[in-house]
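These notes concern the structure reproduced below.
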Amino acid sequence: VADVLLPTLTTWGQPVRKSRIQLQREAFSPRVLRLVMRFEGTNLFVPDAILKERLDPETLESLGLIKQAHQFNQKIVKIKTKLFYKQQKFNLLREENEGYAKLITELGQDLSGNITSHVVLESIKSLIGCFNLDPNRVLDIILEVYECRSDQDEFFLPLIKSYMCEPLTLCHILGFKFKFNQEPNEETPTSLYHIAAALLHHNLIELEDLYVHLMPLDASIVEEHKREITEAKQIARKLTMVVVPSEKMEDKEREKEKEEEKNDKPPDNQKLGLLEALLRIGDWHHAQSIMDQMPAFYATSHKAIALALCQLLHLTVEPLYRRCLAGVPKGAKGCVMRPLRNKRAPRPAESFEDLRRDVFSMLCYLGPHLSHDPILFAKIVRLGKGFMKEYQNEARNDHIKDKMDTLLSCFLSIADQVLLPSLSLMECNACMSEELWGLFKLFPYQHRYRLYGQWKNETYTITLLQNVKPSGRQIGKLSHSNPTILFDYILSQIQWYDNLIGPVVDSLKYLTSLNYDVMAYCIIEALANPEKEKMKHDDTTISSWLQSLASLCGAVFRKYPIELAGLLQYVTNTLKAGKSFDLLILKEVVQKMAGIEITDEMTSEQMEAMTGGEQLKAEGGYFGQIRNTKKSSQRLKDALLDHELALPLCLLMAQQRNGVVFLEGGEKHLKLVGKLYDQCHDTLVQFGGFLASNLSTEDYIKRVPSIDILCNQFHTPHDAAFFLSRPMYGHQILSKYDELKKAEKGNRQQQKVHKYVAACELVMSPVHEAVVSLHPPRVWDDLRPQFYATFWSLTMYDLAVPHNAYDREVKKLQVQVKAIEENPDVPMNKKKKEKERCTALQDKLQEEEKKQLEHVQRVLHRLKLEKDNWLLAKSTKNETITKFLQLCLFPRCIFSAIDAVYCARFVELVHQQKAPNFCTLLCYDRVFSDIIYTVASCTENESRRYGRFLCCMLETVTRWHSDRAVYEKECGNYPGFLTIFRATGFDGGNKADQLDYENFRHVVHKWHYKLTKASVHCLETGEYTHIRNILIVLTKILPCYPKVLNLGQALECRVHKICLEEKEKRPDLYALAMGYSGQLKGRKVHMVPENEFHHKEQPVRSTTTASQLNGPGTTAKPATNASKTEEGACEDADRSKDKSQGAAKPVNKANSTAAKVTTSNGNAIKERDDKEKSGKEKKEKKEKTPGSTPETKGESRREKQRDERGAAGKEERAPREGKEKTPKADRDKQKAEEKSSKEDNKAKAGNGEPKELSRERDTGAKESKSKEKGGDQSKEKGGDRSSVSGSLKSPVPRSESAESERDHKRRKLSPCFFPFRRSVPNCCVFHRPSRSPRRVLIHTGKPRLASPS
């Protein structure tokens, strides 16, 4: 009650600021005092003792408890002085030392006997009692002796534990000792740290109680840490400044550094000293608590602390490390570490799971300062390798998979936070780098690159390296510790200066395996830098920095064993994202590592070598012979197969070709889109070639799906799908052929050929079935799937043996051998080695030539057996050739340079094989008739390939044109040169059915004229793509065209104009035009006048009108080849006019007449009838008026041409007006009429217009419908004659007056202006067989060959 009542009474309702005495006086009013006095004697509520204790003397006096307050105060002062300030007279050391001397003797005796702490403690108690010693002083002396004998922990610790009564007292005494050593010139002894650590470790004192006595304060430590970071940043900033040194500045810097070294003696940090002592005795728990009070890595940045922690780690991992030393050499195992005698130290790790207990946390606190102990670094790395082996073996075990995954993440964290930063702080140590690579190579590249990224971008908070001279040894030394910073700088320099690539690549030979892997990461990071634009500012070319990095990739990955998986995956990912810029990297890597070079600028000799085997390609097919690519190409192959990237890359590139145009090309410049398309396509060809030549048969077949899956499921374009599948077919055929040979042993050549044919049938039959799904059913009405698959599955290697190329390379090697023998400076051993190499190459080439010869013979025999089933006769030859061009020839001739040659040679081969229903003449005519659309739709590289294809086609035509004997031998009796087709088939014995030599020369002249017309048209458009592409094509076909002088002059005039116009506007076009102009002038000596190129006769005036000769029942005989044709007359008339108007004028007439010919389909119908009547009229005319001469015919024609010159000029302005204007109702009506026509008379089905190639599909289809309608009208008018195909279309109904007018105009028209892929070429006009086996005419443009009725 007193404890509650008195404080309440004294504080009730009073302000807080009043003193205690004032409160008491005011509270105890007289009334309260009377109350207290009433109960005073009874001690009921408040005893007297409590009142005396709590109340002040004046109050006590008023209550009567004391007599006088003044006397009471004096008495209290005396008692307090005696109690608190007066000391007892103890026996101090400086006064009497006998007791303390005995104490020191007792503590300092030899402890090796049976003396225990309990015995000594009893003696100490006796001394304290006998000599009245101060217990605290005794404890202090015990600590002093312990400090001197710090190795006797087993004795002193139990003694202190038994002696000490209160831990706080011990803390105060230790704190006083630490405080004493905090004086400016004092240094805390190591023994004091040790005893403090031992007492903490055995829980005799608390860390919180002792920590407050240690200096410096935590705030001071944080400030010191910040100051060190600031100074480090200043040093790094100075490194980036370029300062011209002087002697005075250098002297001042040296003096300043010396002064700083004198003044920079670090103050005694007692907390770090205690931390070191704790680590030495193995007290990790208290050490961890101290480090937690400091900034990260501040404690371990002091070498003594780091080494103490490393020593503790050594002892902890020792048992597990010894277990993991299976594959380590004996000399590298190191000495065995003795464990600590301290039982309270961290338990040694016996398994990888035990590492999670303490080791990983210790390593995290140690951080980058593991660099102080390379041996421990190696041990941790080897533990990691041991774990990875165990992880790979037991990863399938679901029971421990979670534990193993957790441990894996721990090791990855240690690699990120400890191993890589420590490597950066180590002095140049290549061994540690290689040791670390032994661990890292067991990680997937994704984990490695993430570690490198953290190392490069986060671990380095300050840049320590800014100036690096690219010298090999210096780069090697720097890269051992700081590869990320070094490579980052090197790559930045290479992006600016590409001439550094060679020296840098050579200087990288001193790098370690880890450094190479880091470099691969740095390259990928540089490539993926989002801040750098991959296009130049003009948006038409790829940036030079990307080209430089791509070149570096190829050189570095070829020369050094760097893993490619990351780079290949990066390219794959960019393709998935729809970006094709980085394909440049893949192109360079494949070119350098595999030696496969892709270029369209090959010489004829190189192109010939590329048609041979792999050895011939390597020796003579590339510009630079890249040797020693076996190992590098094997590494590239392994990387692709191990990570399953071969097929995905191929498919993505094949799909990306169209993506470049339709998705990626959106707002990009047309020139850049073309370059990206070419780059994507060329890389696909190069990469596919690498896979075909390096993958085994099993690997290739296993990864490449069938052709129908590639096209239908993966949406691969057909040309790319066959390109990927083609090597697979070759492998399978050869494998099956070898099986059949082993099954039935027979050495006869005939048996081998039959077995090869059987193998082809077994392998290709599924392909024939698969390709049917690639196109609509109507395609196979003309082309057999067998022919389609054969065309796409063969290569130039299958068609011909390049004997000249083999002989040329063998002779080169022989010359090399001779030069080596005659060179006296070459040592004998080197001579011998080079001679052996050259001889071995000769043998390989000769063996390869022999092998290819046998293969070609087998293939040709197979084609000879197949040819009769290639083409069907369900529709016209025109339709068949159209589909062949659209689906086979054109897509492949622009796929690659070697494919361009293959297409030309395949056409020649089909002609030589005398394949039924294949019109060689029509095929060549369709190719040469109008190349405008084709050229305009090509990219730059495609133009080169298309030009090479045209050149090869022209070579064949020129060979036939140049010699009658060659023509008669190779074309005279071949079905491809028939001018009359019978419904029953080919009659080879009828010589009149064949196109004779002179008419063929006329046709060739027409082709040259059409090439000139198309070329001049492209040059006059002003469009960049048209001009560039036609100049490229003309340059390619220059060996074979132009051959006629006036055509060459027309081209020269127009190209000269291009040179003048484009000199300032478009320099690249100017360069192309100038290059072609110079070459064209050089070819002038090989050009001939027109009358030498083909037989040119003088025109004569016709004396008989067509109407007089056209009567019913008129018969005609085959005409001779002596008369002048409509084409020749037209050309003569134009030439006579052009002589006064300039060399480029023939094109104006060509445009005019071409426009007229393409005006309407109705005109086509009338013109077909007119041609039939004209044929009869000419036959009758020759029978009835033999006296008429060619001169009179030509004169009459020229007169009519002059009359109709104006009409032709009007029609020139309407070339294709009606092409897309057919109303829907009319189209439906046309379909109905076509269907009824087929049902009424199947034999009279209209000859529809052939489809254009892929670039003109829609317009060709509409024209075909319009022509089928015209064919029905023709049947009504012309009896059993079927319609003639043509591309003319008009809604004007047929009338007699219109017929006579158009007939008049038709005679005027030159037949050489039908557009490419839109009409039947003028050299061949077909009539489908009717009910009677009537023969069909093919007009050559010269005197027509009429069939007898």
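If you read the sequence from its start, that first residue is 1, and numbering goes on from there. Fair warning: this is a prediction, and the values are worked out from it, not measured in the lab.
- We find the CG-NZ distance between Asp807 and Lys811 to be 6.0 Å, quoted to the nearest 0.5 Å.
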Go through Val966 and Arg959 one step at a time and tell me if the side chain to side chain contact (heavy atoms under 4.5 Å, CB included) criterion holds.
CA-CA 7 Å; Val966 173; Arg959 189 177 75 249; 4.1 Å; yes

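- Between atom CG of residue Leu670 and atom OG1 of residue Thr1025 there is a gap of 4.0 Å, rounded to the nearest 0.5 Å.
- Within the 4.5 Å cutoff, the side chain of Arg945 has heavy atoms near those of the His681 side chain.
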The test is salt bridge (Lys or Arg N to Asp or Glu O under 4.0 Å); show your working for Lys671 and Glu940 and say whether it passes.
CA-CA 9 Å; Lys671 184 177 179 181; Glu940 186 174 354; over 6 Å; no

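- With hydrogens and angles disregarded, a donor-acceptor distance shorter than 3.5 Å links the side chain of Gln686 to the backbone of Ile596.
- With a 4.5 Å cut-off on side-chain heavy atoms, Met953 and Phe949 count as touching.
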Please evaluate residues Leu1072 and Thr1035 with respect to the criterion side chain to side chain contact (heavy atoms under 4.5 Å, CB included), reporting the C-alpha separation (whole Å), side-chain torsions for both, the decisive distance (0.1 Å), and the verdict.
CA-CA 9 Å; Leu1072 279 174; Thr1035 305; 5.8 Å; no

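- Side-chain contact between Phe1000 and Phe977 is present, with at least one heavy-atom pair separated by less than 4.5 Å.
- Side-chain atoms of Thr956 and Arg905, non-hydrogen and from C-beta on, do get closer than 4.5 Å to each other.
- Under 3.5 Å, the side chains of Gln852 and Glu848 contain no donor-acceptor pair of N or O atoms.
- The aromatic rings of Tyr924 and Trp960 sit perpendicular, their planes meeting at an angle over 60°, well past the 30° parallel limit.
- With Asp899 contributing its side chain and Cys893 its backbone, the two residues share no donor-acceptor pair below 3.5 Å.
- With rounding to the nearest 0.5 angstrom, the CD atom of Gln842 is 11.0 Å from the CD atom of Glu809.
- By the 30° and 60° cut-offs, the orientation of the rings of Phe884 relative to Phe918 is perpendicular.
- When all heavy atoms are compared, the tightest approach of Leu954 to Cys1040 is CB-CB, 3.6 Å.
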Does the salt bridge (Lys or Arg N to Asp or Glu O under 4.0 Å) test come out yes or no for Arg1028 and Glu1023, once each step is laid out?
CA-CA 9 Å; Arg1028 181 198 66 189; Glu1023 291 289 338; over 6 Å; no

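- No side-chain donor-acceptor contact under 3.5 Å links Ser543 to the backbone of Leu546.
- Residues Asp719 and Pro891 share a closest heavy-atom pair of OD2-O, 4.3 Å.
- Interatomic distance, Phe687 CZ to Gln591 CD, rounded to the nearest 0.5 Å: 15.0 Å.
- The shortest distance between side-chain heavy atoms of Val1033 and Cys938 does not fall below 4.5 Å.
- The distance from the NE2 atom of His1026 to the CG atom of Leu1019 is 11.0 Å, given to the nearest 0.5 Å.
- Between Leu995 and Leu921 the shortest side-chain heavy-atom distance falls below 4.5 Å.
- For the pair Leu1038 and Arg1083, the tightest heavy-atom approach, listed with the atom from each and the gap, is O-NE, 3.6 Å.
- Note: His961 and Phe1093 meet the aromatic proximity criterion, with ring centroids under 6.0 Å apart.
- In this structure, CD1 on Ile542 lies 5.5 Å from CG on Leu676, to the nearest 0.5 angstrom.
- No hydrogens or angles considered: a donor-acceptor pair under 3.5 Å links the side chains of Arg1001 and Tyr997.
- Between Tyr1076 and Pro1042, the closest heavy-atom pair is OH-CD, 4.2 Å.
- Taking the six-membered ring where the residue is Trp, Phe723 and Phe895 present tilted rings, their angle falling between 30° and 60°.
- Between the side chain of His1005 and the backbone N or O of His1095 there is no donor-acceptor pair closer than 3.5 Å.
- A side-chain N or O of Asp1068 and one of Tyr1024 form a donor-acceptor pair less than 3.5 Å apart.
- Counting all heavy atoms, side chain and backbone alike, Leu813 lies closest to Cys838 at CD1-O, 4.0 Å.
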Just do the side chain to side chain contact (heavy atoms under 4.5 Å, CB included) check on Val1088 and Leu1045 with the steps written out, would you?
CA-CA 5 Å; Val1088 296; Leu1045 189 59; over 6 Å; no

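- Side-chain contact between Lys1057 and Glu1020 is absent, with no heavy-atom pair separated by less than 4.5 Å.
- One finds a salt bridge joining Glu588 and Lys592 here, because a Lys/Arg side-chain nitrogen approaches an Asp/Glu carboxylate oxygen to under 4.0 Å.
- In terms of modelled atom types and a separation under 3.5 Å, the side chain of Ser1015 and the main chain of Leu1011 share a donor-acceptor contact.
- Ile931 is listed as a side-chain neighbour of Tyr946, based on a closest heavy-atom distance under 4.5 Å.
- Put simply, the side chain of Asp798 gets close to the backbone of Thr795: a donor and an acceptor are under 3.5 Å apart.
- Contact detail for Pro802 and Leu616: the closest heavy-atom pair is CG-CD2, 3.9 Å.
- Under 3.5 Å, the side chains of His803 and Glu849 contain a donor-acceptor pair of N or O atoms.
- With respect to Lys1084 and Glu1052, a salt bridge is recorded, a charged nitrogen being found less than 4.0 Å from a carboxylate O.
- A salt bridge does not link Glu1090 with Lys1043: none of the charged nitrogens is closer than 4.0 Å to a carboxylate oxygen.
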Given the rule in the side chain to side chain contact (heavy atoms under 4.5 Å, CB included) test, do Tyr677 and Glu942 qualify, once you have shown the distances and angles that lead to the verdict?
CA-CA 10 Å; Tyr677 184 95; Glu942 285 178 344; 3.3 Å; yes

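- If you check the side chains of Asp498 and Ser548, you find no donor sitting under 3.5 Å from an acceptor.
- Ring-plane geometry between Phe791 and Tyr902 is classed as tilted, the angle between the planes lying from 30 to 60 degrees on a 0 to 90 degree scale.
- There is no side-chain donor-acceptor pair under 3.5 Å between Thr958 and Tyr1041.
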